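Structure, as structure tokens:
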Amino acid sequence: MNQDELKQAVGQAAVDYIKPHLDDDSIVGVGTGSTANCFIDALANIKHLFDGAVASSEASAERLKSHGIPVFDLNGVSGMDFYIDGADEINERLEMIKGGGAALTREKIVAAVAKKFVCVADESKLVPMLGTFPLPVEVIPMARSHVARELVKLGGDPVWREGVVTDNGGEILDVHNLRIASPMELESSINQITGAITNGLFAQRGADVLLLGTQEGVKTLKA
Ligand code: 5RP
């Protein structure tokens, strides 16, 4: 199977995973990216089994709506059982780097509300140590240079993702050359930088379950 087929397999596996738990009142939290898109497309086949979705980006909201799946504002939702999303990197503790699609802040917010985070990824995303993928940090635009200087002090090489404006009006710094031995600590340290909105480390709220697409089939890993 090629990478696209692995993504489709885990998208379907995530639907199979949540399906027994859905009812008319269920709200499904939906992530962003090419793997999340495969999940959305598979979810459309069971749209009669749940109430609607909360999306972590405008792009995912549009894709959900194109399938006729109602999309709700998170503020109008009291909770949700599942959040399903991809990752740029994930380790065996199910800590992740996310934000390659610049949706990290909304992803982190929806994940915080959900009882269970189900990560869907092809096997290329599973790594022994996070940090080969540059760590995205969303910043308030006027703070970009200040945050970049602080990130250098933490040992990284931040690069402005020029031309990208997030759904929240923020900008993105991609931090290269970090060897992330302690993801939870680094997540906290970056959160302390004034002007940083969110960083793409999902360690304090990592995934609960990983559905990993491999040549031997979809494997289920738990935190
Ligand atoms: C978007 C994300 C995505 O989940 C991440 O970039 C993985 O995307 P893909 O499934 O396309 O590889 O965090 O902000």
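Here the structure is a predicted model, which means the values were calculated and not measured. Both ligands and their constituent atoms are indexed starting at 1 by order of listing. For the numbers below, each heavy atom of this structure counts, side chains included, while hydrogens, waters and symmetry mates do not. Note that the numbering runs from 1 along the sequence shown for the chain.
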| field | Element-labelled atoms of ligand 1 that are located less than 4.0 Å from some non-hydrogen atom of G86 | value | 4 (O)
| said: Within ligand 1, which atoms have a heavy atom of G99 less than 4.0 Å away? | reply: 2 (C), 13 (O), 14 (O)
| Is there a nitrogen or oxygen of G33 sitting under 3.5 Å from a nitrogen or oxygen of ligand 1? | no
| Is there a side-chain contact between E58 and R106, using heavy atoms and a 4.5 Å cut-off? | yes
| task | Would you sort out whether D85 and C119 count as a side chain to side chain contact (heavy atoms under 4.5 Å, CB included), showing the intermediate values? | result | CA-CA 5 Å; D85 199 358; C119 181; over 6 Å; no
| Region of A102 that comes within reach of ligand 1 [heavy atoms, distance under 4.0 Å] | backbone
| message | Taking D23's backbone N and O only, do any of them form a donor-acceptor pair with S26's side chain (distance below 3.5 Å, no angle check)? | response | yes
| Are K108 and F202 in a cation-pi setup, meaning NZ or CZ lies under 6.0 angstrom from the ring centre and within 45 degrees of the ring axis? | yes
| task | Under 4.0 Å, heavy atoms only, figure out whether ligand 1 is touched by the backbone of A87, its side chain, both or neither. | result | backbone
| query | Just distances here: any N/O of A36 and N/O of ligand 1 closer than 3.5 Å? | reply | no
| said: Tell me whether ligand 1 is touched by G31 - counting only heavy atoms on the residue side and a distance under 4.0 Å. | reply: no
| query | Is a side-chain donor or acceptor of E89 paired with a backbone partner of L126 at a separation under 3.5 angstrom? | reply | no
| query | In the protein, what heavy atom is nearest to atom 12 (O) of ligand 1, and what distance, to one decimal place, separates them? | reply | K125 NZ, 2.7 Å
| query | When you measure from the side chain of N91 to the backbone N and O of P128, does any donor-acceptor pair fall under 3.5 Å? | reply | no
| Under 3.5 Å, is there a donor-acceptor pair between the E187 and N191 side chains? | no
| field | Shortest heavy-atom approach to atom 1 (C) of ligand 1 - which of K7, K98, E107 | value | E107
| Whichever hydrophobic residues join V152 through chains of side-chain contacts under 4.5 Å | none
| task | Considering the heavy atoms of T32, write down every atom of ligand 1 situated less than 4.0 Å from one of them. | result | 1 (C), 2 (C), 3 (C), 4 (O)
| field | Residue G101 vicinity, atoms of ligand 1 by number, heavy atom under 4.0 Å | value | 1 (C), 6 (O), 14 (O)
| message | Within the 3.5 Å criterion, strictly below it, is a donor on E138 or T198 matched to an acceptor on the partner's side chain? | response | no
| request: Mark yes when over 12 heavy atoms from residues, nucleotides or ligands other than E185 sit less than 6.0 Å from its CD; otherwise mark no. | output: no
| message | Out of all atoms in ligand 1, which are within 4.0 Å of some heavy atom of D85? Include the element for each. | response | 4 (O)
| Under 4.0 Å to a heavy atom of D88 - the qualifying atoms of ligand 1, by number | 5 (C), 6 (O), 7 (C), 13 (O)
| said: Please list, in number order, the atoms of ligand 1 under 4.0 Å from a heavy atom of A103. | reply: 14 (O)
| remark: Looking only at non-hydrogen atoms, the one of N37, V10, T35 nearest atom 10 (O) of ligand 1 is T35
| task | Report the nearest protein non-hydrogen atom to atom 11 (O) of ligand 1: residue, atom name, distance rounded to 0.1 Å. | result | S34 OG, 2.5 Å
